[in-house]
Amino acid sequence: MHFVVCIKQVPDKTDVKINPETNTLMREGVESIVNPFDTYAIEEAVRLKARVGGTVTAISMGPPQADAVLREAISMGVDAGILISDRAFAGSDTWATSYTLSQAIKKLGDVDLILCGKQASDGDTAQVGPGIATHLDLPQITYVRKIEEIEEGRIVAERLLESGYEVIESSLPCLLTVVKEINEPRLPSLKGKMAARKADILVWTAADLDCDPTKLGLDGSPTKVVTIFTPPPRGGGEILTGSADEVVPQLIERLKTLVVGNAS
Amino acid sequence: MSDDPIKVSEETCVGCQLCVKACPFDAIQMDDRLAVIDLTVCTLCGACVPACKFDAISMKQKEKTADLSAYEDVWVIAEQDDGVIQSITYELLGEGRQLADDLGMRLCAVLLGSGVSTQANDLIARGAEIVYLVDQPELAYFKDEPYAAVLTELVKRHKPNVVLCGATTVGRSVISRVAVATGAGLTADCTGLAIDPETKDLLQTRPAFGGNIMATILSPNTRPQMSTVRHKVFKEAEPDPGRSGEVLLQEVDPALLVSRTKRLKYVPEEDSIINIAEADFVVGGGRGLQKPEHFAILHELAEVLGGGVAASRAAVDADWIAYSHQVGQTGKTVCPKIYIACGISGQIQHLAGMSASDVIIAINKDPDAPIFDVATIGIVGDLFEIVPRLTAELRKVLGK
Ligand SMILES: Cc1cc2nc3c(=O)[nH]c(=O)nc-3n(C[C@H](O)[C@H](O)[C@H](O)COP(=O)(O)OP(=O)(O)OC[C@H]3O[C@@H](n4cnc5c(N)ncnc54)[C@H](O)[C@@H]3O)c2cc1C
Ligand SMILES: Nc1ncnc2c1ncn2[C@@H]1O[C@H](COP(=O)(O)O)[C@@H](O)[C@H]1O
């Protein structure tokens, strides 16, 4: 079977800081990482390959330095990485991103299963996975926490819902988005790291994909960011100190109006 | 390269660096006395364009060519679970009313299900002037493909101007498909919606980068304008049985009801009878609880309040509580009336999931814990002394 994992390079969130004077994001020293949710998609694809055989291809759309996330995927056991990179893709929103990725997947040919992370940690939209499925006219199972069965042309997976979970059967090819519960991503092996260093990462530009230029980048993106600002700080409120005997009655006093008549 | 979407004119740029300061993404550097935009970092947000006093920066703009006048009405996609309309729908109707009034358009709801015509009347009581109802056995419960196909068909048929959908598991999964299929812009997880008084465009504000920054997003050249909205961001529309409206039963091509996926089983979660995403009171526990057994004291407090229990990732990673309770960037977003954080340090990833709560109470031993920066009321002290005491006192106050 042919498994495709879509992975995104994102800034390492723990480092993102706002410059308080200029209100801008400080990138200095901010490392780029594989979107944390996508590491679960990589791990699951590698496990599925071990289970039923086949190949795993990782694709990432982004600037040339996104090469690094593909190498990381290879170090975890992915067979090949393809970087989808072109200035024409700059400014892509989720519509254009899912279009571009779907054209790349079409070029790959016979694909059985596409795995995405639940969402990217920078945009937090969770829209690209279902978007790819729609462009390719494929069924989807989102928020997958377990793959129960997989065989030629068929998959059974558990999808996490707010109120519980459901077990869903789908025909293949199909697109999944996966949640953190699905597995524990492995650390790269020494052999994997060496393979990653040596690997040839294929680069596909807009010209390599059979795509409509009006659907790419800024032109292909219906949404447009108009302003960016730092959320007003919430600001700390009152601090109570003292023994439990002292502070609890004070807290109750302040909470009374909020709780009485509201709690059910 | 001439086809770059954003350019600095070498002739006009004087090297004043105003654009460098204006860029929220640190994407502009000075090369000698010329501003150079790093396109790999630039998000094309356009903040630098008006910042340049010399008009040296130009950004490719799309012409507003399409005729958008045919698109009318504000739509709310109703979410039902087992025939029960979910509260998020009423929140969307509350906000949708405001937008519809500002646009001078009608507020409509779309309801998909099986045997749900009485529920359509609830939507009218909450302010919908029209309910588009698709009542088919195949739509009894949520299925990605038929739900998306039917909604896509209705959007094409009736051309709404604005479509609002809950940012729930189900909502996000289906509306992303509809947006792609109709060529519409979709903005995720909005926390603020407004109509631009001049252009009549929908201004959609949402957090990004785990809540570190807020962005306002438009879909100026396409319709409908679609947004998903989180729980508890907007106030529910109050029911008024005196309201009148029309239920328009919609016929759809049976081909749209076909699904390539099939639900084999549905298992409601036993230990989360209270959905923390919807709860008015949430008690959160972190590493400060030390042991899984200690979550019991939080459950007691939550029970007295009629609320739910949440946790930090540290507590979930330690296997003290199930992942479904995790709040934050990689967990759920909650927005209760009161969030009580017990033994949680308040790292940005946790705050991303709860900082929109009305009131935050933090109990932490460490006076320097960052949670106190967002707390409405902070208590510096030992949670093992304070929480049981608080539970006992609340029980008295509430007469339980
Ligand atoms: C990509 C990424 C995503 C993440 N996503 C999430 C997420 O979704 N949700 C999330 O929560 N975290 C997330 N994290 C982790 C986050 O950075 C923190 O590690 C985590 O929130 C810390 O949990 P904590 O506050 O419980 O633990 P700690 O930081 O260890 O804090 C424990 C606190 O308890 C206090 N304490 C100890 N004993 C007592 C006592 N007896 N009484 C009172 N106070 C006491 C201590 O003073 C301390 O402040 C993410 C991290 C990354 C890198
Ligand atoms: N530029 C990209 N390249 C490859 N995969 C992506 C890209 N953007 C998003 N994805 C995939 O889509 C998922 C959801 O992303 P998002 O909709 O941006 O939250 C991610 O977890 C990735 O699997």
Side-chain angles (χ1 to χ4, degrees), chain A residues 13 16 18 22 24-25 27 63 87 90-91 95 98 122-127 130-131 134-135 139-143 161-171 180-181 217-218 222-231 234 236-241 244 247-248 252 254 256 258 262-264, chain B residues 4-5 21 24-26 39-40 44-45 60 144-145 169 172-173 176-177 180-181 184-188 208-210 212-220 222 260-269 275 305-306 323 330 338 355 372-380 385-386 389-390 393 398:
Chain A
K13 269 283 234 341
V16 175
I18 301 278
T22 56
T24 59
L25 227 56
R27 292 215 174 221
R87 287 191 161 194
W95 204 103
S98 56
D122 52 355
D124 291 330
T125 79
Q127 288 170 191
T134 309
H135 281 297
Q140 69 188 28
I141 311 177
T142 50
Y143 304 94
L161 293 172
E162 269 106 351
S163 56
Y165 72 93
E166 44 182 21
V167 181
I168 294 184
E169 179 187 68
S170 176
S171 58
K180 170 183 172 321
E181 276 199 328
L218 204 57
T223 62
K224 186 172 178 309
V225 177
V226 282
T227 40
I228 284 187
F229 56 97
T230 323
R234 216 192 138 93
E238 198 182 358
I239 299 285
L240 306 176
T241 47
V247 294
V248 171
I252 294 281
R254 286 166 184 73
K256 253 184 194 158
L258 288 164
N262 259 324
S264 44
Chain B
D4 282 350
K21 297 205 183 76
F25 295 100
D26 206 7
L39 278 179
T40 64
L44 297 174
C45 74
K60 225 173 24 177
D144 302 68
E145 281 185 280
T169 312
R172 285 171 182 245
S173 302
S176 308
R177 288 187 81 107
V180 162
L186 172 60
T187 306
F209 286 92
N212 272 301
I213 60 168
M214 303 292 290
T216 300
I217 294 171
L218 292 181
S219 302
T222 53
R260 285 170 285 185
T261 60
K262 189 168 132 201
R263 184 199 259 186
L264 301 181
K265 195 161 78 172
Y266 169 61
V267 185
E269 195 181 337
N275 179 358
L305 288 166
Y323 170 63
T330 40
I338 305 181
S355 62
F372 290 126
D373 299 338
V374 300
T376 327
I377 306 174
I379 299 180
V380 181
E385 289 168 20
I386 293 161
R389 188 66 208 274
L390 179 61
E393 293 291 328
L398 293 165

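Letters A, B, ... mirror the listed sequences (proteins, then strands); counts begin at 1. Here the structure is a predicted model, which is why all the values come from computation and not from measurement.
Among the candidates B:Val380, B:Leu44, B:Ile386, B:Leu218, the residue making the largest number of heavy-atom pairs closer than 4.5 Å to chain A is B:Leu218. Options B:Arg260, B:Lys265, B:Arg389 differ in how many heavy-atom pairs under 4.5 Å they form with chain A, and the most are formed by B:Arg260. Among B:Ser173, B:Gly185, B:Ala215, the residue with the largest count of heavy-atom pairs under 4.5 Å with chain A is B:Ser173. Of all the listed residues (A:Thr223, A:Thr142, A:Ile141), the one sharing the greatest number of non-hydrogen pairs under 4.5 Å with chain B is A:Thr223. Taking chain B as the reference chain and counting heavy-atom pairs below 4.5 Å, the highest number among A:Pro139, A:Pro130, A:Gly237, A:Pro63 is found for A:Pro139.
Closest heavy-atom contact between A:Tyr165 and B:Tyr266: O-CD1, 3.4 Å. Nearest heavy-atom pair across B:Thr261 and A:Gln140 is CG2-O, 3.8 Å. Of all heavy-atom pairs between B:Arg172 and A:Asp124, the closest is NH1-O, 3.8 Å. Considering all non-hydrogen atoms of both residues, B:Thr169 and A:Glu162 come closest at OG1-OE1, 2.9 Å.
A:Glu238 contributes atom CD, which lies 9.5 Å from atom CD1 of B:Ile379 (distance to the nearest 0.5 angstrom).
In this structure, the portion of B:Ala375 lying under 4.5 Å from any heavy atom of chain A is its backbone and not its side chain. For a residue to count as touching a neighbouring chain, one of its non-hydrogen atoms must lie under 4.5 Å from one of that chain's; by this rule A:Ile239 touches chain B with backbone and side chain alike. Only the side chain of A:Tyr143 comes within less than 4.5 Å of a heavy atom of chain B; its backbone N, CA, C and O stay farther away. The part of A:Ser98 that comes within reach of chain B is its side chain, from C-beta onward, which places non-hydrogen atoms under 4.5 angstrom from that chain. Heavy atoms closer than 4.5 Å to chain A are found in the side chain of B:Glu145, but not in its backbone.
Judged by distance alone, the side chain of A:Gln127 and the main-chain N or O of B:Leu186 form a donor-acceptor pair under 3.5 Å.
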